[in-house]
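Naming: A, B, ... by sequence-line order, numbering from 1 per chain.
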Amino acid sequence: MSAVRRPQCVVIGAGPAGLGAALAAREAGLGDVMLLERDFELGGILPQCIHDGFGSIVFDQVLTGPQYAQRFIDRVEAAGIEVKLNTMVLEMRGDRRITAVNPRDGVFELEPASIVLAMGCRERTRHQVMIPGYRPAGVICAGAAQRDINIEGLMPGRRVVILGSGDIGLIMARRFTLEGAEVEGVYEIMDHPGGLTRNVVQCLHDYDIPLHLSHTVTFIHGRKRVEAVTVTRVDENLKPIKGTERRVPCDALVLSVGLIPENELSKQAGVELDPLTAGPVVDERMHTSVDGIFACGNVVCVFDLVDWVTQTAERAGRSAAEYVLEGGRRKRRPPVRVTAGRNVKFVVPQLLREFDREIELFFRVEHPERAARTRVLVDGEELYSRKAKMVRPPEMVKAGADPGGARRELENITVEVVTEEEEA
Amino acid sequence: MKKTHNYTCINCPLSCSLELTEEDGEVLEVRGADCKVGQKYAVEEFRNPRRTVSTTVRVQGGVLPLLPVVSAAPIPKALVREAVRTLAAVTVEAPVADGQVIYPDILGTGVDIIASRRLEAGVSG
Ligand SMILES: Cc1cc2nc3c(=O)[nH]c(=O)nc-3n(C[C@H](O)[C@H](O)[C@H](O)COP(=O)(O)OP(=O)(O)OC[C@H]3O[C@@H](n4cnc5c(N)ncnc54)[C@H](O)[C@@H]3O)c2cc1C
Ligand code: SF4
């Protein structure tokens with residue numbers, strides 16, 4: 001067996017996060033960057049997201065998913081980054097030893113000086129939402145349906161019920177309709193839609209597809225193939241209300257019930273995970289708890305916008321390069337935990353180790369609020385303030401803070417949302 | 001005759017419910033908008049609503065059986081379904097370049113349908 005290779009940086013996963021991180025590491029001075037992807041081509045989930053709505057921040061232009069990916073793929077190819085496709089990473093250890101497999105090299109090992117995790121997320125399944133009934137064909141996750149229709153050219157159903165009103169479910173309601181299927185309705189357990197208003201309007205209203213809020217699927221009928229589902233109204237505690245059941249005939253139930261960061265490898269390597277985001281705890285450099293292992297994109301937390309995935313990727317790639325070029329010798333300072341203040345559910349990054357450059361802070365609110373102001377306080381001093389007419393849990397908010405030229409020591413950093421009323 | 005039309009503004013998370021009143025096609029007023037963007041949006045949605053169309057066309061001799069395509073600019077909303085139906089009958093040969101025109105001037109709108117990725121020649125499946 002040949003000697004174990006020691007690239008300067010290995011990036012795991014080649015979606016927008018991995019592509020952006022590999023490019024940033026290369027541009028920050030690493031000559032030996034390797035990108036590993038289990039699929040047969042680059043782009044991650046984007047090649048199947050054929051609708052437009054990507055890139056308004058990064059490119060100031062509205063692109064489709066494939067177009068957004070293509071821009072990064074072209075740059076990665078031009079940058080001379082070593083790409084290994086059809087390559088699945090099987091194992092990762094805390095000392096950064098990676099075991100991977102592909103048809104050409106068989107099983108092989110790598111000992112990179114740094115790693116960037118960019119494995120994205122996977123879909124929550126029926127099992128995780130627990131709908132009783134048999135296990136017939138025709139129950140499918142929205143992302144899998146998206147792949148069937150847009151990549152493989154297969155139609156998973158002709159009369160479809162969609163459970164969950166997240167963006168992927170809404171996008172698929174339109175896609176099924178345009179491909180000639182009948183979408184009976186979209187059912188959402190919460191009393192508000194899970195996706196962006198833009199998608200509610202352009203995917204449902206435009207096609208007269210009903211959205212049933214405060215409803216869920218309580219039974220799946222059919223042994224071999226889905227024949228119908230029972231939909232039921234829920235009360236304010238999300239408990240089904242007896243007597244409101246309705247049987248809806250259909251041949252497919254599409255689940256759009258959320259995404260979970262894909263962190264099996266992170267767990268193996270002992271990377272600390274945040275229970276709120278289900279992704280690695282990272283600092284301002286996207287450095288995880290394990291020395292030399294960085295993370296970006298949806299593996300860290302489910303970002304709504306691909307543009308923000310790209311921003312975290314650039315930071316992770318640059319930081320990995322910096323780490324390697326310093327010989328991994330820089331002492332890691334004890335972190336300050338970023339406090340999630342009033343009406344803030346969680347903040348990424350969770351930690352701030354060195355406040356020596358401008359930082360980006362991504363967060364979700366706990367509940368909707370009008371006339372809100374986001375602010376970032378560092379030891380009581382307001383370093384960031386921005387007003388918004390409205391904040392809502394499905395829409396992630398971005399804030400930032402700038403130390404102002406030099407390194408700044410600090411004891412506390414808090415992100416919070418305040419309202420005009422409260423300030424008055 | 002006076003008529004009202006309801007829209008939801010998509011331009012910020014506030015999602016204002018807009019009510020546009022018109023008489024014989026002439027806009028009289030827009031209510032419910034919290035800012036000017038919503039005013040303008042309601043008038044656009046009434047007068048000339050447009051949407052970007054994206055779908056797939058079949059590919060022969062490509063690494064994948066389908067090619068994603070998109071309209072180079074938004075087209076009238078009323079033509080979206082027909083545009084998708086028209087494109088369902090199209091087959092192209094691989095390789096395809098990113099941005100290549102796949103169907104010029106769709107339904108006389110003056111807007112081209114273009115490839116939204118590069119697709120190499122090869123065997124699909
Ligand atoms: C099904 C689905 C549909 C989506 N649709 C939309 C949408 O319509 N609009 C939108 O704005 N956002 C959508 N998103 C969100 C979208 O995922 C993000 O915007 C963005 O693609 C995340 O980028 P990423 O690079 O972090 O992850 P991904 O794009 O998921 O890329 C992760 C990559 O890592 C690879 N990988 C994972 N594990 C391994 C391993 N062990 N070894 C090797 N490679 C590995 C995967 O194959 C994949 O290519 C969707 C997400 C999902 C899951
Ligand atoms: S009208 Fe203005 S405030 Fe209301 S949703 Fe539209 S952009 Fe936002």
Side-chain angles (χ1 to χ4, degrees), chain A residues 40-43 46-54 62-71 73-74 77 148-154 171 174-175 177-180 192-193 196-207 365 368-372 388-397, chain B residues 6-18 33-35 37-38 41 45 49-59 62-74 77-78 80-85 87-88 91 96-99 114-120 122-125:
Chain A
F40 87 101
E41 64 172 358
L42 300 174
L46 293 180
Q48 72 183 57
C49 303
I50 64 164
H51 58 282
D52 70 311
F54 299 82
V62 184
L63 303 171
T64 66
Q67 285 175 318
Y68 190 92
Q70 190 69 58
R71 295 200 172 190
I73 293 169
D74 291 347
E77 287 172 352
D148 281 353
I149 297 179
N150 294 342
I151 304 274
E152 316 283 351
L154 305 170
I171 296 278
R174 172 174 66 186
R175 192 70 192 120
T177 307
L178 284 174
E179 286 294 324
H192 55 268
L196 303 175
T197 306
R198 178 191 147 93
N199 287 333
V200 174
V201 170
Q202 297 194 346
C203 300
L204 302 186
H205 296 182
D206 275 7
Y207 299 91
V365 296
E369 222 162 40
R370 276 165 165 269
K389 283 177 185 283
M390 178 96 183
V391 288
R392 300 197 312 136
E395 287 168 59
M396 196 178 246
V397 189
Chain B
N6 295 303
Y7 306 102
T8 308
C9 183
I10 62 167
N11 292 290
C12 92
L14 193 54
S15 310
C16 295
S17 299
L18 312 174
D34 208 61
C35 77
V37 178
Y41 170 79
E45 282 290 283
R50 289 180 163 258
R51 300 287 185 265
T52 297
V53 188
S54 58
T55 185
T56 54
V57 300
R58 267 194 293 274
V59 187
V63 289
L64 290 171
L66 297 176
L67 170 76
V69 296
V70 65
S71 57
K77 179 178 143 182
V80 168
R81 278 175 190 259
E82 203 183 330
V84 171
R85 261 199 303 276
L87 292 165
T91 302
V96 180
D98 183 22
I114 60 171
S116 82
R117 60 168 286 169
R118 184 180 72 201
L119 199 76
E120 292 83 0
V123 188
S124 70

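Interface residue A:F40: only side-chain heavy atoms are found under 4.5 Å from chain B. Only the side chain of B:I114 comes within contact range of chain A, with heavy atoms under 4.5 Å apart. At a 4.5 Å heavy-atom cutoff, A:L196 makes no contact with chain B through either its backbone or its side chain. For a residue to count as touching a neighbouring chain, one of its non-hydrogen atoms must lie under 4.5 Å from one of that chain's; by this rule B:N11 does not touch chain A. Residue contact with chain B, scored on non-hydrogen atoms closer than 4.5 Å, involves the backbone and the side chain of A:Q67 alike. For a residue to count as touching a neighbouring chain, one of its non-hydrogen atoms must lie under 4.5 Å from one of that chain's; by this rule A:D74 touches chain B with the side chain only. With a 4.5 angstrom heavy-atom cutoff, A:E41 touches chain B only via side-chain atoms. Contact of A:R198 with chain B is made through backbone and side chain together, with heavy-atom distances under 4.5 Å. Looking at A:R71, there are no atoms closer than 4.5 Å to chain B (heavy atoms on both sides), in backbone or side chain.
Residues that satisfy the side chain to side chain donor-acceptor pair (under 3.5 Å) test with B:R50, not counting sequence neighbours, are absent from this structure. Residues satisfying the side chain to side chain donor-acceptor pair (under 3.5 Å) test with B:Y7, not counting sequence neighbours, are none.
Here the closest non-hydrogen pair linking A:R392 and A:P193 is NH1-O, 4.2 Å. Residues A:C49 and A:F54 approach most closely at CB-CZ, 3.6 Å, considering heavy atoms. The two residues A:P47 and A:G43 have their closest heavy-atom pair at CD-O, 3.4 Å. For B:L18 against B:G38, the heavy-atom pair with the smallest separation is CD1-O, 3.4 Å.
Residue with the most contacts toward chain A among B:D98, B:T8, B:L67, B:L66: B:L66 (heavy-atom pairs, distance under 4.5 Å). With chain B as the partner, the residue from A:Q202, A:R370, A:E152, A:H205 showing the most heavy-atom pairs under 4.5 Å is A:Q202. Among B:P13, B:P68, B:S15, the residue making the largest number of heavy-atom pairs under 4.5 Å with chain A is B:P13. Between chain A and the residues B:R58, B:R85, B:R51, the largest count of heavy-atom pairs under 4.5 Å involves B:R51.
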(Q) The test is side-chain contact (heavy atoms from CB on, under 4.5 Å); show your working for B:T56 and A:I50 and say whether it passes. (A) CA-CA 8 Å; B:T56 54; A:I50 64 164; 4.0 Å; yes
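Here the options are A:H51, A:R175, A:E179, the test is side-chain hydrogen bond (donor to acceptor under 3.5 Å, both in side chains), and the partner is A:N150; only A:R175 passes.
Ion pairing between a basic and an acidic side chain is recognised when a charged N comes within 4.0 Å of a carboxylate O; A:D206 and A:R174 show no such pairing.
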